[in-house]
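Below: the structure, in structure tokens.
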Amino acid sequence: QQQVKQSPQSLIVQKGGISIINCAYENTAFDYFPWYQQFPGKGPALLIAIRPDVSEKKEGRFTISFNKSAKQFSLHIMDSQPGDSATYFCAATVYSGAGSYQLTFGKGTKLSVIP
Amino acid sequence: DSGVTQTPKHLITATGQRVTLRCSPRSGDLSVYWYQQSLDQGLQFLIQYYNGEERAKGNILERFSAQQFPDLHSELNLSSLELGDSALYFCASSATLLNYGYTFGSGTRLTVV
């Protein structure tokens, strides 16, 4: 119930192409869906996030698409650049009691953008 | 620099030993979260503190414990270390319990030999 399943595990995209990473969840109590970007030697950093009452959110070259009925959401990176090469994590937040929210992560997708 | 400071950056220790990882949250953040990142398990939530009180527990082993001090820094204590405890340990902070946007530190890489 608390899992977030992410695919693919790794992705190679040519410069200028579109990178697509998919996530699926079971727990309908999840109420916030962020994506994190992690470079080697660094901690994950919040990239973009969406709430389930919105079907799409765009920030620059990054777009989240959200399908509430299918319990799926995806990250699209348009015009992918070598600097986008990183590991991307989808995540979901659920109220865990005592006024606290718990963030559950997918297992990550290692994106390599080749020139 | 995210504003979340973790020390040390690297730690090598032997099996059976005990170590302490330290985290200073971003200025003004009251909530601290600890995560373990390994290759096969991804990012696993361990424990959360808010203003000195434990608020949520995840997949934290009994050999592990944490606390948050009055100055809001937090320490994660790992004891009776095993080879399988080798991982990256991340601390994250947020301003309030209801703040969804966590800020992560750069992590402590623990190697148990």
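First the proteins, then the strands, lettered A, B, ... as listed; each starts at 1. For the numbers below, each heavy atom of this structure counts, side chains included, while hydrogens, waters and symmetry mates do not.
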* To do: Please report the C-alpha distance between A:Trp35 and A:Cys23 in whole Å, then the side-chain angles of each, then the deciding distance to 0.1 Å, and finally whether the side-chain contact (heavy atoms from CB on, under 4.5 Å) criterion is met.
  => CA-CA 10 Å; A:Trp35 285 86; A:Cys23 287; 3.6 Å; yes
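- Note: A:Phe30 and A:Phe33 have perpendicular aromatic rings, judged against thresholds of 30 and 60 degrees for the angle between ring planes.
- A salt bridge is absent between A:Asp53 and A:Lys68; no separation between the charged side-chain nitrogens and carboxylate oxygens falls under 4.0 Å.
- Using a 4.5 Å cut-off between heavy atoms, A:Gln38 contacts chain B through its side chain alone, with no backbone atom that close.
- Only the side chain of B:Gln37 comes within less than 4.5 Å of a heavy atom of chain A; its backbone N, CA, C and O stay farther away.
- Close approach to chain A, defined as a heavy atom under 4.5 Å from one of its heavy atoms, is seen in no residue of residues 80-89 of chain B.
- Salt bridge A:Glu56/A:Lys58: absent, no basic N to carboxylate O contact under 4.0 Å.
- Relative ring orientation between B:Phe104 and B:Tyr35 is described as tilted, the plane-to-plane angle lying within the 30° to 60° band.
- Using a 4.5 Å cut-off between heavy atoms, A:Pro44 contacts chain B through both its backbone and its side chain.
- Residues that satisfy the ring-ring contact (aromatic ring centres under 6.0 Å, His included) test with A:Phe39, not counting sequence neighbours, are absent from this structure.
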* Asked: ring-ring contact (aromatic ring centres under 6.0 Å, His included) between B:Tyr102 and B:Tyr33: does it pass, once the steps are laid out?
  -> CA-CA 9 Å; B:Tyr102 296 15; B:Tyr33 312 82; 4.0 Å; yes
